[in-house]
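Report on the structure given below.
All chains are named by letter (A, B, ...) in the order of the sequence lines, taking the proteins before the strands, and each is independently numbered beginning at 1.
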Amino acid sequence: MVEITHLDASPDTRVPKASVRAADGTAAAATLGLNFGSAEQRGETLVVRIRPDEWYLLGDGAPAMAAGLDLSGFASTVDISHSRTAVRITGDCAADTLSKLGSADFSDHMTPNGAALGNGIAGVTCDIVRDDQRGVRSYLLLLDGSFITYFLGALHDAASEF
Amino acid sequence: MLLVPCPNCGPMNAADLSYNGESHRRPDPKTCTPEEWRTYLYLRENPSGWLLENWYCSSGCRRHFKIERHTLTGELRAPVLPGRKPGATQGDMK
Amino acid sequence: MSHRLPAPLGDVIDRSSVISFTWNGKKLQGFEGDTIASALLANGEHILGRSMKYHRPRGVLTADFWDPNTTVQVDDEPNVRASHRKLADGMAVSAQNVWPSLKFDVKAANGLVGRFLTAGFYYKTFMKPAKLWPAYEHVLAKFAPGGSVDLDTPHGRYDKRHAHPDVVVAGGGPSGMAAALAAAEAGSSVMLVEHEHQLGGHLLWGSNDDRAAANELAAACAAAGVEILTNSTVAGRYEDNWISISQRSHPGVIERLIKARGKTLVGAAGTIERPYVFQGNDLPGVMTSGAAQRLIRMYGVKPGTRAVVFTANESGDSAVEALQSAGISIARVVDARAGEGITSASGSKSRVKRVTLSDGTTVECDLLVTAVGWTTPTSLLNMAGDRPVYDADAARFFPAGPPDNVLATGGMIGDGSRDELIAHGRATGELAAGRAAVVRHRLQAATARAAAVDGPEPDYPADERTPLDRAQHPELYRSTTHGIVDYSEDVSSKDLFSAAGEGFDSVELIKRFTTATMGPSQGKLETVNTVAVLAEARNETIAEVGTTVWRPPYAPISLGALAGRINEPTRVSVLQPWHEANGATPILAGQWVRPEHYGDPAAEVRNTRTNVGIIDVTPLGKLDLQGPDVPKLLNLLYTNKWMALPIGGVRYGLMCAEDGVVLDDGVTARLGEEHYLMTTTSSGAAKIWNWIEMWLQTEHPDWQVHVTPVTTGLTSINIAGPNSRELLGRLTTDIDLDPTAFPYMNVRRGTIAGVQNCIAWRIGFTGELSYEIHVPSGHAVHVWEQLLDQGADLGVKAFGLEAQRIMRLEKGHFIVGQDTDGLSKAPVTGLNPLLKLDKDDWAGMPEVAWTMESGDHPVIVACQPDNGSVVPEEAAQILRAGTTEIVGRITSSRMSPTLNRSICLAQVTKEFAAPGTSLEVLLVSGERITATVQEHHAHFDPEGARLRG
Amino acid sequence: MGKNKPPAKYSAAGLLWRGLRKQSWPRVWREPEFKSTYDVVIIGGGVHGLATAYYLASNHGITNIAVVDKQYLGSGGSGRNTAIVRSNYLTPEGVAFYDRSLDLYNSMSNDLNLNVMFSERGHLTLAHTDSALRTMNWRAEVNKLQGINSSVITPAEIKKLTPSLDVSADTRYPILGALYHPPGGTIRHDAVVWGYARGADAYGVDLHQKTEVLDILVEGGSGPEGKGPSGKVTGVRTSKGDIHAPVVVNCTAGWASQLSNMAGVTLPITTHPLQAAVTEPVKTFLPTVVVSGSLHVYVSQTDRGELVFGASVDPVATYNMSGTLEFTEELAGHVLELMPGISKMRLLRQWAGLCDMTPDYSPVMGPTPVDGFYVDVGWGTYGFKAGPVSGEQMAACVANGTTPELIKPFELSRFTEGTLVGEKGAAAVGH
Ligand SMILES: Cc1cc2nc3c(=O)[nH]c(=O)nc-3n(C[C@H](O)[C@H](O)[C@H](O)COP(=O)(O)OP(=O)(O)OC[C@H]3O[C@@H](n4cnc5c(N)ncnc54)[C@H](O)[C@@H]3O)c2cc1C
Ligand SMILES: NC(=O)c1ccc[n+]([C@@H]2O[C@H](COP(=O)([O-])OP(=O)(O)OC[C@H]3O[C@@H](n4cnc5c(N)ncnc54)[C@H](O)[C@@H]3O)[C@@H](O)[C@H]2O)c1
Ligand SMILES: Cc1cc2nc3c(=O)[nH]c(=O)nc-3n(C[C@H](O)[C@H](O)[C@H](O)COP(=O)(O)O)c2cc1C
Ligand SMILES: [Zn+2]
């Protein structure tokens, strides 16, 4: 079973998203913390260290958290709510579905809950956060919004066998 | 498909990276001669053997790094991020 | 089914389930579990096709996938392996390479002239007269072997999947099953891949004990959680154990490609039985011992009534038992181990009738079974870099030593009893699991996101397996007579001798000259016999001759499976549904689907020039740049100067590659103290982002700049035309549009149609007064609709890409990649004031400087045909008058709705660039026309009064 | 004619005669003795090396030549290319050059007395975008001016020529038109190699197979070990011993850098694999050569019935010829875009060769800064069709000591002078 949801399908459900870029040693980097490739829910915000010097703040708390950051030193934020679109794929076969379209290893040992990675899925570069929902395997995919029509088609097609 | 060890992400499928070719030094554009500049632009050692080259982790950490690759056997060793010393990261991952 | 044997023979068929099919139009029946070939044989149809060159009748030879003689057409599918493909209800099966019919084939006449059609005969003839070769060629092509494609075949469902198993086992015989089981028991995730329809390997046609053991092992594998893929082939092993598996047994798909990154690969492909080379060896009724056993024991089919068995090993002996169990009389067992042999077989056109032995005696029979030895299918191991080595005692090639992450077991490396094979398989499985565990530990430790590793890295297990013995086997390749070596290519040992005699001295040259081993089984049956014959002909050893290169795939894969679901990403702006609902003709530009026009591009131009138009330009690349060093970066990448751009300012820039060739162009705005927005061409968006990261990370890691692509996040709308200020003014409250407050080439941020955080800049690609607004995409549809609503009385209309192209041409703006090409250095654009040679450094500067110094380069000019109703094609060449010397070409051309005449941009050599020069343009029709070089690039409003207004 | 007797005549009558008398054919070439001195050493037994040897002998009477190859003749690109020949290039330099080659190919079966099976079946380069169509028009226009039969045709005309192509407008990559070049086609590549080899051998040229050049001997150069610019070549060191020769010609394509580096000459070349594949044979249905630049694929059907596919070079430079799975996946996807009806055909074999890629998709030919050391390299993905003319012109270059007009634009010095050739623009797929 897999369930695919485009979270940004309507303005009401759109997930606020911010990107924070911060060099090592800056206050923002210290505040956000985390290891590269991992994610953590903090209140209303899912914080993801998606690259060594870049964090995503996702969820209703994101704008406030971004605005509250100390950007001294070499740090900056960009609102990416409209650039990246969010798709959630949940269910026991979620990893099998992704494995049809992407080459990353989505097994528990290589991509445990809370892991974040970049991988091409059906030819579209996605940032992927393994973010299980109440114990059910789930992935949050962030991709360039312009691909969404194509992307959902490919995802549903891949999931159709499950 | 080759597995390329990104110094940040670990082993990655080559298709998830961009290949930027032989690593070479850029001459000073102010003082160089046409020969020097065009050597930089066009001439390549292109060895059959070990070669230091540039890769870009385009779907992972988005870092450019250098790695030594054996152009005949495909072996890889010692990836380095620019500004870091060789050997500061893990080696052969295969 | 006259040739069907009674149960219990026929393990894999289900006699309760009858299947109907047709064979060359004739209605026949078989059973569930039959292959097409077994069903045909059961019906007494023993000629399944004809050979490629001589059109000799052919019957079952090996009765497995590799059988070269039983390739048939099934419905719209050519080249189906009848000895492997399971019979299905309603199949229309027909023979290939036959004309007009299987029984009577006129091309069989080729057989009579075979003496002249030696290998490579076509190289030696048809040279003269040269004119006739195409006709000969036509005839030759008619002889192309194989089935036929139906070009209306629908593209059925094929699929793909990635996998990351610890261990992949190729081959599900006893050793492969044992390896998979042991690896799974040791904690590995295992994929066991078997080419045939069931696990068991050679046990499936062996003794009762063998078959029982096979079932037991198969059940144990399933219980241990091994992922078992039957009717699936490990097709290739690529770098770092990237393994391709073609799976023909996945429900709902015709075939699917699994791409597995195996931590270890176990090769357990067993052995393939070799045919024997002697005169008459391709007569129907001559088959291998494996074939006879498969037919009898698996399919319950009687392959003949009176048999001669030529055996050199226990497989032949076991075949004798099988034949006896089927009630076939054994006319003679010829034992190679006792020094006996056969020299030829002969018979009628369609069946073997007698065999001549080495001692000269002849024996009547209708079945000749040969068991002359094995070939190791080293193909997969070769793909892993291994080179096979010949062992004369065992009379076969063995792997020399594959890399550490590839292990071989079973028949690939030796021989033994069933228990010995299983024991070796188990040891191999354990070793594979141990090595996989180390690789897994390393992968996990090196991958930031992975789960933490437990404890230290395990020791890398050394290979301490007890090797399998290699059974002694006589070297039996060719008798004293000549016969077929490559059945599918119709190459005989005689052909090989004569090619060797002509000097095609290495096995690779022999292969290419005779085409031996180049057919559908890719040498799995033929290579070693080819090598042996060549060795004989050249008086060399088999080891000296060596084999040809094996290449993927191990067994052919359909193009459908390799393609899989065809996923070709396309992108659209959030306005695309509006465009489509409003009659836009879509055009694919790179990955973007965009509106080319809404019906009449010329009308769109006129409306924009007189009223106001809006266009969706979202695909324009947009990069958010932040940090104190952005000006340095811009100064480095653009040819002009950027240190003094004020906040609120916008500037145009040109980028070059390091060879001075124009790379991209666009405008960049300064939004705040350390905040800029850069635009690139649509096609350059991804490239320029990488380009910037490259410069920042490798040449100037000390510079502080953050780059974030925001192309899709901001929907970009250009509002152009005399009424654009009025229109925008109706939608914004907080942006002062007064020309003095917001002059040309300036940027403002504000609220548009109630949407905050919009960016507006005044630029003019179309040459009109125009504002390009960038709206957070979630709100763009609203803004777009507001523009149309609020501007109805102002005549606002959407315009498409084509109208924009026309207007930019009217303004003389060049397009990178259209008006420039792969050799156009920056001075070609004529934008010399933007090429600042007094800067310290910029990408491509030296080449640009030298080019300007030499002055030797073409330039872009605007020109107008003297006859304004003629539009020269883009690509029309410009010639030195009255000659064929090319001095330039038209790079852009259109009929201008504004000027009512044709207009062009062209690249011409310096000599022809001066305003007023008359150019001779060669139209595609061949007609020459004249055109005149214009004073300015802009055909329209060269002073820019409109856009600055 | 040289001092040796010309090659045995192949003919239909000969075939008959020998068939009746059960006579065998004479050897195609000798197994020559290894000599330590030659007038010219040619490194590389591909079409370029062998043609150069052949024309040195036949046109210039120079026969004391060794052609050395580390493997068998044709083991490089010449034995693994998809054998597409055409002359509809983009630049006048390119057109003139390849057109001469096509002429030589046309008369080759006769000249070499061996049927090279030149199949003049027509060559289609498809355009899927406006800009590709523009480039096709550009090529057509340049071609016409040079007298080359090449024009842009419509989807309907394409469908007529090649019914298996999907020319409907609603595909992901619609076919908007094609550059049609009737004189283009395919050739039996091995036959060309063998024909030149047999011809050269008959003139007395020694063909040394399984002889690897390990070093190039240079004296007086400005670089390390006396190699490099202003040096003078004296011979080569091979796996079978040294050969002394005042002239050494590097015709090693994919390995060109390796060999030139041995002489101290750095080239503007990187080596990339180019892959190809064949399907199982089926009855012929594809009458023309079809190339699609945007889809990076080209395909033709041999007289044996296989489809032969090629693509563009792999992005990563390597000397490894194993080939990749990705190639076959992309290839199949793209081929099925063009011909959806062949999804059930099966890929039989894939392979790879090495291509010596230059920055401007044009070769490097002629002398080098080391006296006596010549190169005929940089042949990338398009060098097979150039074999005959290259051999002819390189032979003239070596024999006369001056660079012929036809290959002047391709001299190595163009890279330091910054006068690159403009083929890159049209060379997305350079076949
Ligand atoms: C898959 C593929 C498809 C292609 N398709 C086409 C096409 O359709 N049309 C076209 O025109 N071109 C095509 N090409 C390009 C073409 O094959 C080559 O450009 C051409 O064959 C080069 O010929 P050559 O004689 O220069 O080199 P090669 O044929 O490569 O010969 C070089 C020889 O040098 C030998 N050598 C290397 N190093 C040494 C050494 N140290 N000592 C001794 N010998 C050495 C090698 O063994 C080799 O035999 C294709 C290439 C490939 C790989
Ligand atoms: N092959 C025979 O007819 C036969 C008969 C008697 C004894 N033997 C001996 O038994 C030994 C062989 O036993 P074994 O267990 O090693 O092999 P096996 O021959 O019993 O089984 C190998 C299996 O691997 C499969 N296979 C091969 N390549 C494959 C691929 N690429 N992908 C998926 N499946 C593939 C085959 O279909 C076969 O079922 C040898 O010593 C041989 O001499 C063989
Ligand atoms: C035009 C052409 C057609 C080919 N056709 C076949 C073929 O029908 N069957 C086959 O096995 N190989 C075919 N090959 C491939 C060769 O077997 C071989 O793979 C190729 O020459 C590379 O050599 P290598 O694989 O020995 O490295 C063909 C090659 C070319 C260039
Ligand atoms: Zn990385």
Side-chain angles (χ1 to χ4, degrees), chain C residues 76-79 115-116 121-128 130 137 140-141 144-153 155-156 236 238 242 244 259 498 501-503 506 508-509 512 520 522 551-553 556-560 562-563 566 568 818 821-823 850 873-877 884 886 889, chain D residues 10-12 14-16 19 24-25 27-29 72 75 79 92 109-110 113-115 119 131 134 137-138 141-142 145 163-164 172 190-191 280-285 303-305 322-325 328-329 332-333 335-336 340-351 418 420 422 424-425:
Chain C
D76 60 1
E77 185 179 353
N79 302 333
R115 208 192 266 177
F116 316 111
F121 74 94
Y122 30 78
Y123 298 121
K124 301 193 178 85
T125 183
F126 306 135
M127 282 91 71
K128 264 182 179 175
E137 191 197 358
L140 271 188
S148 32
V149 275
D150 174 352
L151 294 175
D152 295 325
T153 303
H155 187 10
Y238 301 87
W242 185 246
S244 63
K259 297 180 265 181
S498 76
E502 281 187 58
S506 63
E508 294 287 6
L509 286 176
R512 286 160 178 76
Q522 286 288 292
R551 290 201 177 264
I557 313 185
S558 67
L559 296 180
L562 288 169
I566 297 183
E568 291 277 359
Q818 175 170 344
D821 57 59
L823 284 189
W850 297 322
E873 295 84 356
E874 291 175 347
Q877 299 295 300
T884 56
I886 299 169
R889 70 179 198 280
Chain D
Y10 288 158
S11 69
L15 209 62
L16 196 66
S24 57
W25 294 91
R27 290 185 59 93
V28 271
W29 51 73
Y72 58 96
S75 55
S109 292
N110 231 327
N113 177 233
L114 184 133
N115 189 349
S119 170
S131 69
R134 205 177 295 121
N137 272 314
W138 179 4
E141 290 311 295
V142 173
L145 281 164
S164 53
R172 174 67 167 79
D190 287 327
E280 295 176 350
V282 293
K283 300 283 177 249
T284 49
F285 69 92
D303 294 340
R304 283 161 43 82
S322 311
T324 65
L325 179 63
T328 61
E329 294 181 76
V335 164
L336 293 181
I342 63 167
S343 56
K344 290 185 177 170
M345 287 188 72
R346 293 186 203 85
L347 200 87
L348 178 63
R349 184 180 179 96
Q350 67 173 110
W351 67 93
L420 274 57
K424 190 176 176 180

Quiz prompt | D/E141 and C/R889, any side-chain heavy atoms less than 4.5 Å apart | solution = no

Quiz prompt | Ion pair check, C/E77 and D/R346, cut-off under 4.0 Å | solution = yes

Quiz item: Where on D/S164 is there a heavy atom nearer than 4.5 Å to chain C: the side chain, the backbone, both, or neither?
Solution: both

Quiz prompt | Beyond-backbone contact of C/D76 with C/V149, side-chain heavy atoms, under 4.5 angstrom | solution = no

Quiz item: Measuring heavy-atom distances to chain D, does C/Y123 have an atom under 4.5 Å in its side chain, in its backbone, in both, or in neither?
Solution: both

Quiz item: Who wins among D/S109, D/G333, D/P92, D/P281 for the most heavy-atom pairs under 4.5 Å with chain C?
Solution: D/P281

Exercise. Run the numbers on D/I342 and C/T153 for side chain to side chain contact (heavy atoms under 4.5 Å, CB included), then give the verdict.
Key: CA-CA 7 Å; D/I342 63 167; C/T153 303; over 6 Å; no

Quiz item: Side chain, backbone, both or neither: which part of C/I886 has an atom under 4.5 Å from a heavy atom of chain D?
Solution: side chain

Quiz item: Among D/V142, D/V282, D/T324, which residue forms the greatest number of heavy-atom pairs with chain C at distances under 4.5 Å?
Solution: D/V282

Self-check item: Selection from C/P552, C/S244, C/G146 maximising heavy-atom pairs under 4.5 Å formed with chain D
Solution: C/P552

Quiz prompt | Max heavy-atom pair count under 4.5 Å with chain D, selected residue of C/E874, C/K259, C/R512 | solution = C/R512

Quiz item: C/N79 versus chain D, heavy atoms under 4.5 Å apart: side chain, backbone, both or neither?
Solution: both

Practice problem: Can you tell which part of C/S498 gets under 4.5 Å to a heavy atom of chain D, answering side chain, backbone, both or neither? | Solution: neither

Exercise. Taking the side chain as every heavy atom from C-beta outward, state whether D/W138 and C/Q877 have any atom pair closer than 4.5 Å.
Key: yes

Quiz item: Would a 4.5 Å heavy-atom cut-off, applied to side chains only, mark D/F285 and C/S148 as touching?
Solution: no

Practice problem: Let me know if D/D190 has heavy atoms under 4.5 Å from chain C in its side chain, its backbone, both or neither. | Solution: side chain

Quiz item: Of the backbone (N, CA, C, O) and the side chain (C-beta and beyond), which part of C/Q522 lies under 4.5 Å from a heavy atom of chain D, both, or neither?
Solution: side chain

Self-check item: C/I566 side chain near C/H155 side chain, heavy-atom distance below 4.5 Å
Solution: yes

Self-check item: Side chain C/T884, main chain D/L145, donor-acceptor under 3.5 Å
Solution: no

Quiz item: With chain C, which of D/G305, D/G323, D/A332 has the greatest number of heavy-atom pairs at distances under 4.5 Å?
Solution: D/A332

